[in-house]
2 protein chains.
Amino acid sequence: MARRRLDACYLSGTDPHRSEYLCEHWQLRRWFTGFTGSSGELVVTPGEALLWTDSRYFLQAVEELRGTGVRMMKARVPGAITPAEWLSAALPAGSTLGVDYLSLPLETFRQFHQASERCPFTMTDLAEAIGEAWPGRPPLPGQPLYEMDADLAGQSRLSKLERISEILKQKGAHLALVTALDDLAWTFNLRGNDIPYNPLFMGFALVGPEGNRLFAGRNLLPSALAEKLAGEGVELLDYGGFISFLSALEGKNICLDPVTVNTAVWKALSGKNNILEMPSIPGALKAVKNGAELEGFRLAARKDGVALVLFLEWLNCHAGEPGVTEYTAARKLDAFRAMQAGYRGESFAPLTGVGEHGAMVHLSVSASNALPLTRQGLLLFDSGGHYNHGTTDVTRTVSLGRVNPVHKRDFTLVLKGLIALSRALFPEGTRGCQLDVLARQFLWENGLDYGHGTGHGIGHLLSVHEPPVSIRKDYNPTILAAGMVLSNEPGIYRQGEYGIRLENMMVCMAAAQTDYGTFLGFETLTLCPFDLTLVDRTLLTSGEKEWLNLYHRRVRKELLPLLPDKTARFLQLLTEEL
Amino acid sequence: MARRRLDACYLSGTDPHRSEYLCEHWQLRRWFTGFTGSSGELVVTPGEALLWTDSRYFLQAVEELRGTGVRMMKARVPGAITPAEWLSAALPAGSTLGVDYLSLPLETFRQFHQASERCPFTMTDLAEAIGEAWPGRPPLPGQPLYEMDADLAGQSRLSKLERISEILKQKGAHLALVTALDDLAWTFNLRGNDIPYNPLFMGFALVGPEGNRLFAGRNLLPSALAEKLAGEGVELLDYGGFISFLSALEGKNICLDPVTVNTAVWKALSGKNNILEMPSIPGALKAVKNGAELEGFRLAARKDGVALVLFLEWLNCHAGEPGVTEYTAARKLDAFRAMQAGYRGESFAPLTGVGEHGAMVHLSVSASNALPLTRQGLLLFDSGGHYNHGTTDVTRTVSLGRVNPVHKRDFTLVLKGLIALSRALFPEGTRGCQLDVLARQFLWENGLDYGHGTGHGIGHLLSVHEPPVSIRKDYNPTILAAGMVLSNEPGIYRQGEYGIRLENMMVCMAAAQTDYGTFLGFETLTLCPFDLTLVDRTLLTSGEKEWLNLYHRRVRKELLPLLPDKTARFLQLLTEEL
């Protein structure tokens, strides 16, 4: 920093596509600090190093940053200040801030730019400095791409590209940038292996009435696939050539999504073109799943259900044995999933926490720090799989020993929230923040709450956290629509004691048409019993009991035919009528 | 229009302060169209006249516009286009749009300005043309001002002005514009009579560390009050001199609220000063009521309760008699309120609707169109009063004859929503849109809904609809805070049949402090029985019954000592335990 006369450096903790999960090449912030969470921004000055992260990672960050000299800053809590605000207060006028434009989201660049109005500082590109400072930096990944069958995708690549073109024509746009990796994979019915847990590949695209160009490493496509794409009019170009291609564009009307575009891309276009900022068009299209995708999700839920019941049975027999830990349990569940046809691997790093680890909402245990599973307390496991035809994300909390009434009460309050959201009917036009309270109300009544969202969108053999839809306290303008697939995952975390989270996947569906409009509701996808030993029946209304009984009846109906006899008998026991 | 070469004219339907209720001088849109609703924007071209209004007034507008040639446009419904969008599509490039800058909200001006980017049109001031077109236009009102006692206001004028100054200093601002009439009255502890149902006066102010100036007609203050204000350093200037005073300001940092500022004011300042746009500072301060204000509200609720029970008794005796109509009933209720000490009049035009009139959410009946009260069906009455020490707003729906099971079901679903919101606990940081579903959930379950908000802020001897807080489907960034007074008013409207609305006033209060933060809840202010003959007990949970019994017990405890014996016995009957 001294040599380059930098007064501060900033690393966004993301990649050029604003991905949540990163390939090794873009693990800049982890390399610098050792913090492994999925969200963290870093500011370094000659005297200080600060890492901003959100409530999911407060405990983990403190633990992982111990001894590094990096100080944790709380993001997105009342009274929090942002890196931009901190910089504008800390930097003397005339300072220079080093940023990596390629991994700097445009939104963050704009915050810095605004902050620099109050206290003038300039920004300079760190790309070269990073190369020098990190000589062993892993190269960009370059795994081969493969095609998603159009039958499983439910729509051909050409028809998706045509639909995007139509929308662009209506907006008078010449082309759209596809910058988010899941939008890219969806648009072209392609998948890859560049990023752990995400069947994605590094790439950009320009699509629209003036042609479709995919910048994703020409040599990474099997030649037959490359020819097929070429035959469909898709021009294949190298990933590394994207920015210079953009720099040559002039006088175009270009749609881009300011949330996922990086500053280098934006700088290459702005000034010479008319930029139309809007939510990603493929992003909005892919949020509404088609019939084939939904069938794939339902099939994935059945296979996942089989694996989960086998896992519960295994847990019932083997918890408490020597060597059985949170870590080996997670491996076991992966192994049960791997027995299912079409399994492609975990959809995220599973969270398996016994006792106090259950309260650390996003701690992913390793072989070395895993706690043993004893015959007491609660086990929370949050995991999911990718199948050829869809993706899953499910959480259950089960009792490993004698049930304690406080556990039961907490578990039942969480379950009541899950049920209330599952049963909700709501008019067209409703947003996630309007429904969030349904999952929280019983906790709030008791002075309890959880620090994470209630629901996130889920991709179809794509990212397990798929924007734009969500069910959270925060306002999100995205309107819930039939075909959107979401999680429903209330929880309660008693620090140092235990955590409880229950999570089902649901699909939003049209439910009724009345004089008062169209009403939507949810169909639950996940098929896995809830631990009835943890249910305090006196806290359930008759409607809630009925929902739970119907749900367990459906679990039995769908899974019993797929289970070995002994496991089927076990499932019968687990799902007895209340 | 032809003489002035105007291709279109626009009238906002509001006044220079963006008031909801208008004095006669600013009833421009009503004068032009005959439409009497509280919200409506008018666009006139040589070939067309269009009036935009919202769902509250769809039925009323169609009725009132019949034969005028003015076409109603629906505002704020899915797919609605705004006047700005309509103009940008309809006007040929190079057109001229006439607007009245003084009554054109800055927000609307900006929408037009943006629309004119796509299709260039220019704007020109209509002020003079309006004067010519409306020779009999009533003059500006000029009722005398009076002082709100500091004991009732709970805070002196000087202390309010100092607090605003402190906030401005922190923001580095020289002064703030006070443009909303209720902010103005609150800031100076003054009240007036310029606007029906609103104890407000026409005025503007400039406040802050550089001095406090009130532009409100020097001659309208009693001389003792004028001297008192002068003694406190408040400079008194004429209302009409505000814009020219602003035009002389240069190089100032000026806070203003872009929601209530008009375009003429903004034009007088912009370019020469540094404008800091933010929500009104007095607006945010006055939203949180102090102890004296809350005591005033509680006292007003008791007095209102006495009037309402007397009214219910009168209704019980006299409904069905010749000459008893919706209109005479409303007058009777006003008369019962007028028997209470400190009553200053109705806080809005009451809505008293029997049968199908109850479904016309905002139809205010007159002597001429009032329906008679027969001994059948439902009567909805929504009314409120101003007292020296506070303001009320309450709605009840009662059965006038034999109860029908469908009425009972609807009534009970509405009541369950009111109870759910009344009982809610929620963490600090919660916004109204997150709680709105609590009031609607039971209706939604049954495919029902209502087209208005669930709750609005209520002023303290100010406007009965007081921004910024609300509980609505729409996102409103205002966070609910202890001390805010709100309505809770779910409803259901069966067009052509009947309407049911139940409304209580509530104050937001701190309720609990736990490991999970501070939780807030509501204390109900309104004291008036619900018609138990309309309650379907089988639809209530034990918790809901308990709430209702406790509420009625409180109504009895507070009101019985204030009622004549016969009325007290009647109240006992009305509030028997469930």
Side-chain angles (χ1 to χ4, degrees), chain A residues 76-79 117-118 172 274 359 420-421 423-451 454 471-477 479 492-497 511-521 541-544, chain B residues 55 76-79 117-118 172 359 420-421 423-451 454 471-477 479 492-497 511-521 541-544:
Chain A
R76 281 180 264 157
V77 293
E117 279 178 13
R118 274 165 298 180
N274 178 28
L421 183 55
R423 295 168 74 195
L425 287 186
F426 47 91
E428 257 183 347
T430 300
R431 297 180 170 91
C433 67
Q434 294 174 255
L435 299 185
D436 179 76
V437 63
L438 295 177
R440 296 184 197 266
Q441 58 186 324
F442 308 103
L443 297 167
W444 286 1
E445 268 173 32
N446 290 280
L448 304 170
D449 199 9
Y450 49 94
T454 298
I471 299 176
R472 303 179 65 88
K473 290 179 179 179
D474 321 71
Y475 176 68
N476 170 343
I479 285 171
I492 178 71
Y493 308 95
R494 302 276 191 182
Q495 241 186 74
E497 297 184 64
Q513 180 74 43
T514 75
D515 290 349
Y516 298 83
T518 299
F519 286 76
L520 304 174
T541 65
S542 58
E544 288 163 346
Chain B
S55 63
R76 283 180 263 156
V77 292
E117 280 177 12
R118 274 165 297 182
L421 183 56
R423 295 168 74 196
L425 286 186
F426 48 92
E428 257 184 346
T430 300
R431 296 183 170 91
C433 67
Q434 296 173 253
L435 299 185
D436 177 77
V437 63
L438 295 177
R440 295 184 198 265
Q441 57 187 324
F442 307 103
L443 296 167
W444 286 1
E445 269 174 33
N446 290 281
L448 305 170
D449 200 8
Y450 49 95
T454 298
I471 299 176
R472 304 179 65 90
K473 290 180 179 179
D474 321 71
Y475 176 69
N476 170 343
I479 285 170
I492 177 71
Y493 309 94
R494 304 276 191 182
Q495 242 187 72
E497 296 183 66
Q513 180 74 42
T514 76
D515 290 350
Y516 298 82
T518 300
F519 286 76
L520 305 174
T541 66
S542 58
E544 289 163 345

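Quick note on labels: first sequence line is chain A, next is B, and so on, each numbered from 1. Only heavy atoms go into these numbers, but all of them, side chains included; no hydrogens, no water, no symmetry mates.
- There is no contact between A:Arg440 and chain B, counting heavy-atom distances below 4.5 Å.
- Nearest heavy atoms, B:Tyr516 versus A:Asp449: CD2-O, 3.4 Å.
- Residue A:Leu438 touches chain B through its side chain alone, counting heavy-atom pairs closer than 4.5 Å.
- Nearest approach of B:Tyr475 to B:Cys433, heavy atoms of both residues: CD1-SG, 3.9 Å.
- In this structure the side chain of A:Thr541 never reaches within 4.5 angstrom of the side chain of B:Thr541, judged on heavy atoms.
- No part of A:Tyr450 comes within reach of chain B, as not one of its non-hydrogen atoms sits under 4.5 angstrom from that chain.
- Within a 6.0 Å sphere centred on CD of A:Gln513, other residues, nucleotides and ligands contribute more than 12 heavy atoms.
- With a 4.5 angstrom heavy-atom cutoff, A:Gln434 touches chain B via backbone and side-chain atoms both.
- Here B:Leu448 is the residue among B:Leu448, B:Asp436, B:Thr514 with the most heavy-atom pairs under 4.5 Å with chain A.
- For the pair B:Glu544 and B:Arg423, the minimum side-chain heavy-atom distance is below 4.5 Å.
- For the atom pair CG of B:Asn476 and CD1 of B:Ile479, the computed distance is 10.0 Å after rounding to the nearest 0.5 Å.
- Residue B:Ile492 touches chain A through its side chain alone, counting heavy-atom pairs closer than 4.5 Å.
- With a 4.5 angstrom heavy-atom cutoff, A:Thr430 touches chain B only via side-chain atoms.
- Of the atoms belonging to A:Phe426, heavy atoms from both backbone and side chain fall under 4.5 Å from chain B.
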